[in-house]
Structure formats: C-alpha cells, structure tokens
Amino acid sequence: MLATIMPFACMGLGLLIGFQKLPQAAYRAVDWVTTISLVILMITIGGNVGTNEEVIAEIGTVGFNCLATCLCAIVGSVLFCLFIEKTVLPLEEYSQMQLDDSEGSARLSVDSDEKKGIDPILILIPVSVLAGAFGCYFFMPKTKVFLLDYALWTSLVILYTSVGIGMGQNKSVFRYIKMVGFKIIYLVLGVWVGSMAGGAVAALLTGMPLKYAVISASGVGYYSMTGATMLSSFGPEAGVYGFMINVFRDFFTVLLLPVLGRVSKSAPIASGAAGNMDSMLVPVTKVVGRELGLVALIVGIVLTFGVPVILPILCSVMA
C-alpha cells in the first residue's frame, strides 16, 4: 500500500512547491539534488543485482537466455511503440505544439543548446549502475545489504518530489496531457504486445520454452510479481526466468537510454515499461522531457496494475 501511495504523495507535494514562484537559485538547487539522488538510485539498482545471490548463481546457466529475452522484449516494445508514434500518436508533433507560447519558446532555446552535446547525465547513469553492481558484488558485506533498501526509498522520495516540482514549474505539461488524452492506452498496448512478441522471437532464437519467454516478457519490468507468479505456476526454473528477465529490463533500459533517446520520443518509455512508475521514471524523464515524463508515469501505472491481471491468465492459457 505504501509503495502505491508514495509516488502520488511525493509528486503532489512537489507540484504544490512547483506552483509557487520560487527564485531560480532554488530550482538550480533542486536540479543538483535530483542529479545526486538519481546517481544514488542507479547505484542502488546495480547493487541489488550484484548482491542478489539467486541472480548471480543462475547467470552462468540461464543468463544468456534471460539476456536475449530481455533485449528482444525491449526491441519489440520499442518497435511497436515507434509504429504507434508514427501513425496515431505523434508525440514529437505534440511536443512542438507546446512551443508556440513564450514559455515553450524559451524552453526550445534551452533544448537547442543542450542538444549540441551529449548530456553528461546520460553517461553518468549507466556508469553508476555498473559501479553499483560490481562494487556491491565485491565489497558489500551481506550484513549491510539492507542499506540498499533505505537508499532506494530515500532516493525515490526525493526524485518523485523533484519531478513534481519540475511539472509544477512547467505548466505546459498538463496542456500536453490534455492533447494526448486516452490515446496513451495505445502506448500501453504497444509496450505489452511488443514485449510478448519479442519474447516469442527470443524463444525461437535460444530454444528456451516458449511459455517461459512470453510470460516473462509480459511482466514488462515488474520482476517481483512476474517471478512469484511463474514460480507458483511452473516451478523454480520458471521463477528464475521471470525474475531475471525483468531485472535485466531495468538494468539495460538504463544502459541503453542514450541510444533510445535518439531513436524516438516513445522508445525510452517503451523500454522503461512498468518501471516508469518508480525507478525508471526520473531517468526516462531526463531523456524525453517533462511533458512525456507524465506520459511515462501513466504508462507505468497502467502496466503495473495490469501485470497482476495478465500474468495469471497467460500462465493458465500456456500451461
């Protein structure tokens, strides 16, 4: 319950702060705090992989299959969402429409300057994840692993609040959402269908059981629910697949963000999938912008609440 309420409470607080006319120095301070918290979050995500004995133990036997399925699922989601973006949901066009007012014009100028080079944060994010994974694997005592949970929650609280502040400061976000409307559901379907299609392709390429690949891919990043559901339905091996494939999805989403951001507006959202509700929201928002940050959150929420419904159905159908 707390994990469900926390994002909305923190973003609501951030919105209230963002609606106030704060000095620019305050917003710069928020940006610095956000960047530091984001680095901590990425180190924590990597650390959770590096300290998970089940993941480490199974990397040698099923790691390749999980890696292939994860990457195929990401590619499938990106391709399906790219098709949707080019046909019924022109995200780039909607973004340009927001630049007609004075606020948007100012933002366009800033964005143009930023695009002259690679944003350092896009390099810092994957480096932080790798540092967390290797650092915690080699140097973190088992008795201190619980500290990762504290770091995760603290960084998420700060990051959700900062996202709310940014959205409150940039009121065009809400005009953007009004334009997109219920078409957001197309992105949700694109992420899901593309991910399962990618899982099926991975099964053909690797020879792993089709049901393991497709159901694992349908978890779209919700690793705890997917692992538990597959464990109860098919046994320990299936549970490991369900867990690892979706852990890897968060991991490789972060690593691939610099590339995904150049593919299309929808690509980072498609890859982040259910993770856009929590740990992937701020990294994805950094790449796609604040308008699409709220779209990413909505997509993540719908997927997160939909996975517990879809998984049992698929496990029953494909048993």
Side-chain angles (χ1 to χ4, degrees), residues 1 3-8 11 45 69-85 88-89 91 156 159-160 163 177 180-200 213-230 241-254 256-257 260 264-285 287-288 291-315 317:
M1 178 64 72
T4 303
I5 296 174
M6 184 270 287
F8 301 101
M11 289 185 67
I45 289 175
T69 305
C70 165
L71 294 178
C72 286
I74 289 175
V75 170
S77 292
V78 168
L79 290 177
F80 272 68
C81 287
L82 180 61
F83 174 76
I84 290 168
E85 184 180 357
V88 297
L89 192 62
L91 298 176
L156 282 176
L159 289 170
Y160 277 126
V163 167
I177 291 297
V180 174
F182 287 104
K183 288 183 178 180
I184 288 178
I185 199 65
Y186 293 139
L187 282 181
V188 174
L189 293 175
V191 172
W192 239 325
V193 175
S195 188
M196 288 189 286
V214 172
I215 297 174
S216 295
S218 73
V220 290
Y222 198 165
Y223 50 83
S224 58
M225 178 62 66
T226 309
T229 302
M230 293 185 66
Y241 275 115
F243 181 79
M244 288 182 62
I245 287 169
N246 288 285
V247 167
F248 284 170
R249 181 158 188 152
D250 276 4
F251 190 84
F252 282 99
T253 291
V254 172
L256 294 172
L257 274 178
L260 294 170
S264 70
K265 288 284 188 179
S266 64
I269 298 174
S271 184
N276 291 325
M277 182 177 171
D278 42 61
S279 57
M280 291 297 102
L281 178 61
V282 175
V284 168
T285 300
V287 176
V288 300
E291 295 93 346
L292 279 175
L294 192 52
V295 172
L297 175 62
I298 295 171
V299 169
I301 290 171
V302 175
L303 288 171
T304 298
F305 283 100
V307 166
V309 177
I310 293 295
L311 284 178
I313 295 174
L314 288 175
C315 286
V317 171

Value for CD1 (Ile185) from CG (Leu89), rounded to nearest 0.5 Å, stands at 11.5 Å
What one should report as the nearest heavy-atom pair of Gly199 and Ala217 is CA-CB, 4.0 Å
Could you tell me if the side chain of Val302 sits less than 4.5 Å from the side chain of Met277, heavy atoms only? no
Less than 4.5 Å apart, any side-chain heavy atom of Thr229 and any of Cys315? yes
Residue pair Ile74 / Ser271: nearest heavy atoms and the distance that separates them: CG2-OG, 3.4 Å
Worked check of side-chain contact (heavy atoms from CB on, under 4.5 Å) between Ile215 and Ser218: CA-CA 5 Å; Ile215 297 174; Ser218 73; 4.2 Å; yes
For Gly190 against Ile84, the heavy-atom pair lying closest together: CA-CD1, 3.7 Å
Output for pair (Thr69 OG1, Met244 CE), nearest 0.5 Å, gives 10.5 Å
Please find the pair of heavy atoms, one from Val191 and one from Ser77, that lie closest to each other, and give the distance. O-OG, 2.8 Å
Is Asn246 reaching over with its side chain to a backbone N or O of Phe243, donor-acceptor style, under 3.5 angstrom? no
Working for side-chain contact (heavy atoms from CB on, under 4.5 Å), residues Leu71 and Phe252: CA-CA 8 Å; Leu71 294 178; Phe252 282 99; 4.2 Å; yes
As an exercise, state the distance from OG1 of Thr304 to CG of Asn276, rounded to the nearest 0.5 Å. 8.5 Å
Check against side-chain contact (heavy atoms from CB on, under 4.5 Å), Phe305 and Ile301: CA-CA 6 Å; Phe305 283 100; Ile301 290 171; 3.6 Å; yes
For Arg249 and Thr226, does a side-chain donor sit closer than 3.5 Å to a side-chain acceptor? no
Mind listing the closest non-hydrogen atom pair of Ala197 and Phe80 along with its distance? CB-CE1, 4.3 Å
Once rounded to the nearest 0.5 Å, what's the spacing between atom CD1 of Ile298 and atom CG of Leu187? 10.5 Å
Please report the C-alpha distance between Leu311 and Tyr222 in whole Å, then the side-chain angles of each, then the deciding distance to 0.1 Å, and finally whether the side-chain contact (heavy atoms from CB on, under 4.5 Å) criterion is met. CA-CA 11 Å; Leu311 284 178; Tyr222 198 165; over 6 Å; no
Looking at CG of Leu292 and CD1 of Ile269, how far apart are the two atoms once the value is rounded to the nearest 0.5 Å? 4.5 Å
Distance col, row Ile310:CD1 vs Leu314:CG, nearest 0.5 angstrom, shows 6.0 Å
Where is the tightest heavy-atom contact between Pro268 and Val287, given as atom of each residue plus distance? CG-CG1, 3.9 Å
How about CZ on Phe251, more than 12 heavy atoms from neighbouring residues, nucleotides or ligands closer than 6.0 Å, or not? yes
